[in-house]
Number of protein chains: 2
Amino acid sequence: MGREVWRGNFCWSAEPERLKVLEQGYLMAQDGVVQGTAKELPDAWKGVPIHDFGDCLVIPGLTDLHMHAPQYEFTGMGMDMELLEWLNRQTFPVEARYAEEAYAERAYTLFTDDLKNSVTTRACIFATIHLPATEILMEKLEATGLKTMVGKVNMDRNSPDFLREADAKASADETLRWVDGCIGRFQNVQPILTPRFIPSCSDDLMRRLKQIQKQYHLPVQSHLSENPGEIEWVQSLCPESEFYGDAYDRFGLFGGEDCPTVMAHCVYSDEKEQQRIRERGVWIAHCPQSNINLSSGIAPVREFLERGLKVGLGSDVAGGSSISMFRAVTDAIQVSKLYWRMKDEDRKPLKLEEAFYLATVGSGSFFGKVGSFEPGYELDAVVLDDRRLNRLGSHTVRERLERICYLSDDREIAEKYVSGKEVLQKQNR
Amino acid sequence: MGREVWRGNFCWSAEPERLKVLEQGYLMAQDGVVQGTAKELPDAWKGVPIHDFGDCLVIPGLTDLHMHAPQYEFTGMGMDMELLEWLNRQTFPVEARYAEEAYAERAYTLFTDDLKNSVTTRACIFATIHLPATEILMEKLEATGLKTMVGKVNMDRNSPDFLREADAKASADETLRWVDGCIGRFQNVQPILTPRFIPSCSDDLMRRLKQIQKQYHLPVQSHLSENPGEIEWVQSLCPESEFYGDAYDRFGLFGGEDCPTVMAHCVYSDEKEQQRIRERGVWIAHCPQSNINLSSGIAPVREFLERGLKVGLGSDVAGGSSISMFRAVTDAIQVSKLYWRMKDEDRKPLKLEEAFYLATVGSGSFFGKVGSFEPGYELDAVVLDDRRLNRLGSHTVRERLERICYLSDDREIAEKYVSGKEVLQKQNR
């Protein structure tokens, strides 16, 4: 890729409470890594061909820290249920269909096409328990150029017959087969260990998964403290655990060295659980829309931030109805306002700057130096043509960013880059 | 217009908790009023030309009970403030620009174009204090074919110099001039008396407005109990009032016979205020997204419904960022879930059916028999081509409606009718 210079209106986060804005300036990159930004092009970069984005807004790519690919087909359906009922009535019957490869082929084509056309550049994704379907998903994601982590899901108990692996050994063996099959196969997609959640994984399975995790140095994703009914259930299944997160931690599947872990939700994580999350360096995927749709509640994000926890945002498709990470940004702001008003006036609402930080740097950090235009960050970028939103007059870059978060849809996305490589270029620009 | 027969997939509310669905059936209308619906075309209607909407979904038009036309230009901006700060810093400076007719011309063209292209068929709309600009807005709305009520706003105190009328007399005189000027001028637009809210209208002005209201039999719209700071302020301005609503009621501008009134928000309306709302037959415009964005809180809609109050939905552009009444539907569902979870587990969340009812029949009732396909209702309808949302398979009509509410945008709107007249037909269908 070599050296590259971009020209345009740049906007990114270096720290949570402040946006950096560079109007009609330059971004310099080498081999897909940002080297710096400047109002005037430094002498050392003169002569390098300039890619000019005109008046478009160029922002870091957004990372979706939690989503379920097989659920994409029913976004915006079955939204009048709570978590456990929704799993049994809406989710599990659909996920079972992915046993059939032809079905997975069709459904995952739709999902990957739409993800490619979204503002998401990286994502942590749940597949289903089915190995062939998971491979189909990974192949399709590989072709998008997006960088993703994908998990074949593990479930060996408390799940309907049609969506449960025979036993712990069968589940672990299939996982091993899957992980082995991934080696050397993908550039952009990597496997992530995915026990669905404590209720659907036996102790025996969890122990086996830890072995696999250690052997292959795999990251881990799962769900944590989403819903009161779920939390009670976990407590009854694991009476010896101190709290929900401890039920993962007892098996070594809760962060710590060489086990990067992201846990979705954490709506009800109390001080003790947050403390453990901090000690183990676990990422939290805050999924505000899903937490509303499934009547789960509002996660105490301000508290997470004050304690220095690692927080990013997730769409949680299809508990969340929208695949758009801009919607996750505004949802995070909106629920934080209600949390402040209704629950704790000491926890001030998130500002746009903070929610944008969470969706870029916060989520991106699970993938390394990702989500910013500071030197050393991988050059993931979304180029936005927001003329449709600003027909009456001109606005500052900060105002444009806010409007884009609240008002834009896929029509504003002009181009998208991952590690400097173009992955999307709209034809009719 | 005469007799008409429509064929398609119809979906509407007759009562709050149940959707009526008619798949590939017929709707019969005479002179823009629904006569009935049937699976098989009754003999009496045979021979009448059939308008076939194919596989589209046909639903009643949605009524936006509360929005501010001059604020449309800044939707999705300045969202990190509370009500009173937001009014002073974001809203009032923009509204002041409408003193200039050329500006109003440009800005209201944008607003009316977008409203025409939305799912809204009727709306109650605030303009500004400026008479010429209000007339420009009314003319543009008239041309859309939508049915609307529009208010020149009254403000004679506690407002910045640049957005305040000289005194009560000047405000009332201008209002009279405006109302007189409307007579016989519009088919689709009618004036609605619009004291902005208690803080910006002196007692003298309120008395004068009541005279105008009586003389011309005008409806009334305003704001009520939106924000704790605002409510305190009203209490200090009107120490003799029992509660916020009473401050309107003392001047006869709070419902009752011959004074149909719609009050936006009612987030903090307590039992006493709700009782008065009920006695006076005041409509409540529930504006969930605005109440989130301005950190106001969540209105107790379930309580309103249990008490038999008249409730509809409003976008409250630009406290609400979206002009879409489908967004208002899903926002109403979502905040009701949080209200149930965080505040009162006795108030069960709204189901899709109920929120859809609020946006159609609930809001529409302020305009008469509007918002349903039951016999006797005016034929307001939105025709939705939702193929983009259902690329993987077919769904029931109820499922399609839910997806449309959560996922659609203007691209799904194919046609729109108000009182049987076509007001929108997308070209590239």
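These numbers come from the heavy atoms of this one structure, side chains and all, not from hydrogens, waters or symmetry mates. Proteins come first, then strands; the chains are lettered A, B, ... in the order of their sequence lines, and each starts at number 1.
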Inset, instruction - For each of B:Asp114, B:Thr330, B:Ile404, tally heavy-atom pairs with chain A at distances under 4.5 Å, and name the one with the top tally. - result: B:Asp114
Inset, instruction - Go through A:Arg398, A:Gln334, A:Glu399, A:Gln289 and name the one with the most non-hydrogen pairs under 4.5 angstrom from chain B. - result: A:Gln334
Inset, instruction - Determine the interplanar angle of the B:His223 and B:His68 rings, folded into 0 to 90°, and report it as parallel if under 30°, tilted if 30 to 60°, perpendicular if over 60°. - result: parallel
Inset, instruction - Keeping the roles fixed (side chain from A:Ser13, backbone from A:Pro16), state whether a donor-acceptor pair exists under 3.5 Å. - result: no
Inset, instruction - Tell me, out of A:Pro349, A:Gly78, A:Pro228, A:Gly76, who's got the most heavy-atom pairs with chain B below 4.5 Å. - result: A:Gly76
Inset, instruction - Tell me, out of B:Arg341, B:Arg400, B:Arg391, who's got the most heavy-atom pairs with chain A below 4.5 Å. - result: B:Arg341
Legend entry - Residue part contacting chain A, namely of B:Asp113, when any heavy atom lies under 4.5 Å: neither
Legend entry - Winner by heavy-atom pair count (cut-off under 4.5 Å) against chain A, out of B:Asn390, B:Thr75, B:Leu110, B:Leu407: B:Thr75
Legend entry - Option in A:Arg106, A:Glu82, A:Arg327 with maximal non-hydrogen atom pairs under 4.5 Å from chain B: A:Arg327
Legend entry - Part of B:Asn293 lying under 4.5 Å from any heavy atom of chain A: both
Inset, instruction - Look at the rings of B:Tyr98 and B:Tyr103 and say which category their plane angle falls in: under 30° parallel, 30 to 60° tilted, over 60° perpendicular. - result: perpendicular
Inset, instruction - Establish, from distance only, whether the side-chain atoms of A:Ser408 and A:Asp386 form a donor-acceptor pair under 3.5 Å. - result: no
Inset, instruction - Keeping the roles fixed (side chain from A:Gln90, backbone from A:Leu87), state whether a donor-acceptor pair exists under 3.5 Å. - result: no
Legend entry - Interface residue of largest heavy-atom contact number with chain B, from A:Leu389, A:Ile298, A:Leu350, A:Ile333, under 4.5 Å: A:Ile298
Inset, instruction - Name the option with the most non-hydrogen atom pairs under 4.5 Å to chain B; the candidates are A:Met342, A:Lys337, A:His395, A:Lys343. - result: A:Lys337
Legend entry - Side-chain (B:Glu353) to main-chain (B:Glu17) donor-acceptor, under 3.5 angstrom: no
Legend entry - Test item: side-chain donor near acceptor, A:Thr109 and A:Lys140, under 3.5 Å: yes
